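Just so it is clear, the model here is predicted, and its values are computed rather than measured. Chain A is the first sequence line, chain B the second, and so forth, proteins listed ahead of strands; every chain is numbered from 1.
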Protein chains: 2
Amino acid sequence: MADSRSPRSEGLGASSPAPAVTRAAAVLEALAASPSGRLTLSDLSRELGIPKSSTSNLLLALEEARLITRQGADFALGRKLVELGAAYLSRLDEVQEFYKYCEQAPTLSGETVRIAMLDGDHVIYLARYEGHPAVRLTSNIGDKMPVSLCSVGKALIAQLHDHDIDSMFPDGMELPTMTANSLKSAEELKAQISVIRQRGYAFEDEESTVGVVCLAVPVPTHGAHGPSLGLSVTALKATYSEEQGALMVKELKELARSLGNPMG
Amino acid sequence: MADSRSPRSEGLGASSPAPAVTRAAAVLEALAASPSGRLTLSDLSRELGIPKSSTSNLLLALEEARLITRQGADFALGRKLVELGAAYLSRLDEVQEFYKYCEQAPTLSGETVRIAMLDGDHVIYLARYEGHPAVRLTSNIGDKMPVSLCSVGKALIAQLHDHDIDSMFPDGMELPTMTANSLKSAEELKAQISVIRQRGYAFEDEESTVGVVCLAVPVPTHGAHGPSLGLSVTALKATYSEEQGALMVKELKELARSLGNPMG
DNA sequence: GAGTAGTGTTCAGTAGATTGAACACTCTAA
DNA sequence: TTAGAGTGTTCAATCTACTGAACACTACTC
């Protein structure tokens, strides 16, 4: 499985059925990962282990497709990516239904609700309903978060099999933290997962932002293709109450159930 | 300029420095353009004029990069595109500043404001501030609109040189329409552009949605690289007044000026 | 069941994309 | 001015990714 037939495949993974495409994708990811969002041809060539001349060809082709743009000597992600990302989201019927439901739900309609999707050991926010303008979130649509740091993330991995969780978070692994309340170790995470499974929903108590609590539930996938989705509500800890939480979880679960059933 | 050196380049444009990449980009665009968002290998092969075996290779590479996903026999855009699109937007400082300004602006903070970017003869919405939840827009972030159908679009092309406008909209050209008020011909559009230049802002009177009016201004680019951006406010015609409009234009212009000056 | 129209996959040969060394250029420093 | 360290570009040779025809498969239709 790991015999590198191609003598060239070192920097990137094993040989690809269309190496130029794989490399182009690597270029896009490198640009997305770069702190400034801008890299020169030489930067990319060095970082990805692709010869300069080849990198130049890739960049020209990517630029022509508007997947990247030239800014002086630097290259940055291109506007076409916004279009493509939007096209992806517009096809996710769940997102449309999510908005409709939130608007008419008795409790949720006044809260900040989000729908997110699992992507490896991170969560990506797909859409946000803001019924409560006072709670301005720092996270935007498309942002990524480590699963251990948010309620949706925990709700989503709680659905995985134990051995998958173990391979993602081997015992002894340290987790990224953002506040004093953040889970610090794989063990803590796994302990909380069993509580989440018992209760049927996930929670977050100032683990990513001080003063903010979250509740989340997974959307049942019933074995369909497509990503695993999750829903979360965010509230200020100062004004949060147990009763309110129970109401929100009830509505979240109802929405999750209806999103899980394609029939509505 | 148009001598096709490569014997192969027929379906797609002239020969590319990295054909596989250009083709992969075409695949992504085809999927984005497809009404259902799902196409089979054979569909793509036929539509793009790429041999099936090559298409298969492209799709495998794209799938590995998560730029597309397999759904049974169909292929669809992949979740990685959401991440990349979000990465693009997060690097546009203008978007961040846009939110901040809207929140504290006296008039705009209570309205629905959007920031958009010019992309050929269309406009792409980058972000939306919703200070007035009663006006729910059908357009989402990333959506495209023909320039002639929205105020931002008109504000942005009003900045172009006349000969560029003429080549985009040659006399006699029919424009896409959405309501009875939509501009119907290139001549009507050009007439309105000269009014827009005179007034310094663009307007839209139920041209895309009945009952809705819009005002828009361009963000000055002072020759920098990067896309041309525009700002718009949306209001219900029923509650709209001239005085309110004047206030909103004033604030839009102030925001546009500050976005145009990287110094803040 | 045989026939047809669709799917995607396989594989050896060849057309052509990829390559690296040399080049042209722009800075900054001495 | 000259040197040096950086940038991106060029081009012919080579090695490989692409191709097309044949194949295997599924799903209907008759």
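Among the heavy atoms of the strands lying under 4.0 Å from A:Ser53 is at least one base atom, whether or not backbone atoms are also near.
Taking atom CD of A:Gln71 as the reference point, atom P of D:dT7 lies 18 Å away to the nearest angstrom. One can place CZ of A:Arg38 at 15 Å from C1' of D:dT7, the figure rounded to the nearest angstrom. D:dG8 atom P lies 11 Å from atom CG of A:Leu60, rounded to whole Å. To the nearest angstrom, C1' of C:dG20 lies 15 Å from CD1 of A:Ile50. The interatomic distance linking A:Asn57 (CG) with D:dT9 (P) rounds to 10 Å, in whole Å.
Of the candidates B:Leu118, B:Leu229, B:Val217, B:Val147, B:Leu156 forms a side-chain contact (heavy atoms from CB on, under 4.5 Å) with just one, namely B:Leu118.
Atom CE of A:Met168 sits in a crowded spot, with more than 12 heavy atoms from other residues, nucleotides or ligands closer than 6.0 Å.
Distance from the side chain of A:Arg23 is smallest for C:dT18 among the nucleotides D:dT7, D:dA17, C:dT18. Comparing D:dC18, C:dT7, C:dT18 against the side chain of A:Ala20 picks out C:dT18 as the nearest.
Mapping B:Pro51 and A:Phe75 onto DNA chain D via the closest heavy atom, the residue that lands nearer the 5' end is A:Phe75. Residue A:Leu41 is the one, among B:Lys52 and A:Leu41, whose nearest nucleotide of DNA chain D lies closer to the 5' end (criterion: closest heavy atom). Each of B:Leu39 and A:Leu58 was assigned the nucleotide of DNA chain C with the nearest heavy atom; the assignment lying further toward the 5' end belongs to B:Leu39.
Between A:Lys190 and A:Asp166 there is a salt bridge, with a side-chain nitrogen of the basic residue lying less than 4.0 Å from a carboxylate oxygen of the acidic one.
A donor and an acceptor atom, one from each side chain of B:Glu97 and B:Ser258, are located under 3.5 Å apart.
Between B:Ser42 and C:dG8 there is a side-chain N or O to OP1 or OP2 distance below 4.0 Å. Applying the 4.0 Å criterion to OP1 and OP2 of D:dG8, one finds that A:Arg46 has every side-chain N and O outside that range.
Residue B:Ser56 places no side-chain atom within donor-acceptor reach of the base of C:dG8, judged by atom type and a 3.5 Å distance cut-off alone.
Residues A:Thr55 and A:Leu41 share a closest heavy-atom pair of CG2-O, 4.0 Å.
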